[in-house]
S.K.: 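I have a structure I would like to understand better, so I am pasting it below and will then ask my questions one at a time.
Numbering of residues begins at 1 and proceeds along the displayed sequence. The structure presented is a predicted model; accordingly, all values stated were derived computationally and were not measured.
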Amino acid sequence: MVFSADDEHVSHNGPPLRVLLLTSGLGLGHVRAAQAVAAALQDRAEVTTVDFWSLMNASAARAIHATYLDLVQNHSDLYERLYHLEAVTWRQVLESRSGPPREVLEVLQLIASVAIKEGASIPRGGRYASDKLLYSLLCTSMPYDGDSLAGNGVRARLALWKFTWLRLIRRLEPAIRKFAPDVIVSTQMIPAAMASYLKERGKVQASMIGVLTDFGVHDFWKQRGIDRYCVAHQSILESDTPSTSSRAVVTGVPLMPAFAFPPSQSEARRELNIPEDAQVVLVLGGGLGISVDTAAVSLLQRPASTHVIVMPGKNNKARATLDQLAAKHPQRLKVCDWTDRMDVYLRAADIVVGKPGGITVAEALACGRPLLATRSLGGQEGFNVDFLTRHEVGGLVADGELPNRVDQLLGDREVLQNMQRRAWLLGQRNGAARVAELALDLASINRAVASQSR
């Protein structure tokens, strides 16, 4: 019997299909994508979610989060290098017997110094309490002597790093085995690689889907155990290798249900109590709230007709600055907490300014709004900025040029409307539904094949 993912779901008797979602809470975007897929699967399958960070001690995880935050905020150039070297470095670390390339040594030295500082405050106890000791050992093992790799304990370091990697995989394995999924859907590449490792060794029988939430493909996504990739746009297939593109489906980034039918600008502005004829700029900084206060300050120096809405995320320092600004400009500046109705805010705006994370870009395009990136962390955000630039729906704006760029767009209604139209046509509003359909198809096929083999 031949099964096709294009056919209706294979009928089956017995319990509902089981879908395991793997994600990573380091960035809110990956979690949001998983939540969107879960919402699309509601009442159609049994769904459970595992966050990569739940596989380690909570305090150690917080220290790693803080290290990452320091790296991306204060050393973005090194973060960019680390991201693009990852294809070479981590495969080399995890799959070979040689040390990392020399050009990554500076990055490892920096991470080690920051990580040791953050790790000093890790309390004792808690689940996976031994992770604190392992964390300290890893920090110590990161720096290499660039002039003497051979005599610098390379094998011992690699053994420790591989031990850590396999230790996390061993923690993921029982979670997968207990749930016994028919299909695994991962919205982040690290848990996808971990599940692929288990599948290649016969410890996982489920079909696997990798959901890319950015507008480009990082090498670490390319895992032999992944059956299908869900990508944001056709251009990603055209620029990638045949080995990956042949397994890929253009679904769009999974977004929450409200993005399927976003409100009109008039409806959105009435809901937010914004004047119909106002010029509105929405400033977003992702969960980290990076640079939102700086952007708001520069925009408020422009004509009084410009209204600014800012979402600072978890950035408490920026929030304090913005609250003071809002007190001085109560009619022009609105500071908002996180919302599950981002579609309303995006549709109310004329222009979006902020961090070019994959979910933010996908949500802005789905609502027909151009996005001006005031800062890019590089890495995956570099893919997203390039996509915005190529399709003339935004891009990276140099420091100091944001006010003039916004003024130009708001001052030329025809140019702005053309950008909004292009964004709307690029936007994918039913990505979550498409990923859900693919997951159910593969789950049905996997269960049918499994039942025949018994």
S.K.: Whether Arg171 and Asp131 form a salt bridge (side-chain N of Lys/Arg under 4.0 Å from carboxylate O of Asp/Glu) is what I want to check.
M.R.: yes

S.K.: If you round to the nearest 0.5 Å, how far is NE2 of His233 from CZ of Phe215?
M.R.: 8.0 Å

S.K.: Which heavy atom of Ala432 sits nearest to which heavy atom of Leu255, and what is that distance?
M.R.: CB-O, 3.5 Å

S.K.: Pairing donors with acceptors under 3.5 angstrom, does anything connect the side chains of Arg62 and Ser59?
M.R.: yes

S.K.: Do NZ/NE/NH1/NH2 and the carboxylate oxygens of Asp340 and Arg32 come within less than 4.0 Å?
M.R.: no

S.K.: Is there a donor-acceptor pair under 3.5 Å between the side chain of Asn57 and the backbone N or O of Ala60?
M.R.: yes

S.K.: Judged by atom type as modelled, is there a donor-acceptor pair below 3.5 Å linking the side chain of Asp182 to the main-chain atoms of Asn446?
M.R.: no

S.K.: Could you go step by step and tell me if Thr187 and Leu21 meet the side chain to side chain contact (heavy atoms under 4.5 Å, CB included) rule?
M.R.: CA-CA 8 Å; Thr187 62; Leu21 298 173; 5.8 Å; no

S.K.: Ignoring hydrogens and angles, tell me if any N or O in the side chain of Arg405 forms a donor-acceptor pair with the backbone of Val397 under 3.5 Å.
M.R.: no

S.K.: Evaluate the side chain to side chain contact (heavy atoms under 4.5 Å, CB included) criterion for residues Val37 and Val19: first the C-alpha distance (whole Å), next the side-chain angles of each, then the deciding distance (0.1 Å), finally the verdict.
M.R.: CA-CA 10 Å; Val37 175; Val19 181; 5.7 Å; no

S.K.: Measure across Ala349 and Gln265 and return the closest heavy-atom pair with its distance rounded to 0.1 Å.
M.R.: O-NE2, 3.2 Å

S.K.: Could you grab the distance from atom CG of Leu402 to atom CG of Asp407, nearest 0.5 Å is fine?
M.R.: 9.0 Å

S.K.: Work out which heavy atom in Ser24 is nearest to a heavy atom in Val31; give both atom names and the distance.
M.R.: O-CG2, 3.7 Å

S.K.: Check Arg44 with Asp441, please: is the shortest side-chain N to carboxylate O separation under 4.0 Å?
M.R.: no

S.K.: May I ask you to check whether Glu276 and Ser266 show a side-chain donor-acceptor distance below 3.5 Å?
M.R.: yes

S.K.: Treating Lys199 as the side-chain partner and Ile226 as the backbone partner, does any N or O pair qualify as donor plus acceptor under 3.5 Å?
M.R.: no

S.K.: Kindly say whether Gly225 contributes a backbone atom to a donor-acceptor pair with the side chain of Gln223 at under 3.5 angstrom?
M.R.: no

S.K.: Does Arg224 use its side chain to pair, donor to acceptor, with the backbone of Glu200 at less than 3.5 Å?
M.R.: no

S.K.: Is it possible for you to check whether Arg429 lies under 6.0 Å from the centre of the six-membered ring of Trp424, through NZ or CZ, and within 45° of that ring's axis?
M.R.: yes

S.K.: How far apart are the closest heavy atoms of Ile309 and Tyr345, and which atoms are they?
M.R.: CG2-CD2, 4.0 Å

S.K.: Any donor-acceptor pair under 3.5 Å linking the side chain of Ser444 with the backbone of Leu440?
M.R.: yes

S.K.: Are Arg201 and Tyr197 in a cation-pi setup, meaning NZ or CZ lies under 6.0 angstrom from the ring centre and within 45 degrees of the ring axis?
M.R.: yes

S.K.: Set out, in order, the CA-CA distance, both residues' side-chain angles and the distance that settles side chain to side chain contact (heavy atoms under 4.5 Å, CB included) for Ile64 and Trp53, then state yes or no.
M.R.: CA-CA 10 Å; Ile64 297 172; Trp53 296 95; 3.5 Å; yes

S.K.: How far apart are the closest heavy atoms of Arg447 and Pro15, and which atoms are they?
M.R.: NH1-O, 2.6 Å

S.K.: Determine, stepwise, if the pair Met311 / Thr339 fulfils side chain to side chain contact (heavy atoms under 4.5 Å, CB included).
M.R.: CA-CA 9 Å; Met311 293 185 179; Thr339 175; 3.6 Å; yes

S.K.: Identify the residue among Arg421, Arg422, Gln420 that makes a side-chain hydrogen bond (donor to acceptor under 3.5 Å, both in side chains) with Asn418.
M.R.: Arg421

S.K.: Give me the atom names and distance for the closest heavy-atom approach of Val297 to Leu325.
M.R.: CG2-CD1, 3.5 Å

S.K.: To the nearest 0.5 Å, tell me how far Glu363 CD sits from Arg347 CZ.
M.R.: 13.5 Å

S.K.: In Å and rounded to the nearest 0.5 Å, what is the OG1 to CG distance from Thr48 to Leu22?
M.R.: 10.0 Å

S.K.: Going by atom types alone, do Asp214 and Asn384 pair a side-chain donor with an acceptor below 3.5 Å?
M.R.: yes

S.K.: Quick one: does any side-chain atom of Thr213 pair with a main-chain N or O of Ile359 as donor and acceptor, under 3.5 Å?
M.R.: no

S.K.: Under a 3.5 Å distance rule, please check whether Arg332 uses its side chain to pair with a backbone N or O of Val308 as donor and acceptor.
M.R.: no

S.K.: Quick check for you: to the nearest 0.5 Å, what is the distance between His391 atom NE2 and Asp386 atom CG?
M.R.: 10.5 Å

S.K.: So does Asp337 pair up with Arg319, basic N to acidic O under 4.0 Å?
M.R.: yes

S.K.: Kindly compute the distance separating OG1 (Thr23) from CG (Leu28), expressed to the nearest 0.5 Å.
M.R.: 10.0 Å

S.K.: Is atom CD of Glu414 surrounded by more than 12 heavy atoms (other residues, nucleotides or ligands) closer than 6.0 Å?
M.R.: no

S.K.: So, Arg18 side chain and Glu46 main chain: donor-acceptor pair closer than 3.5 Å or not?
M.R.: no

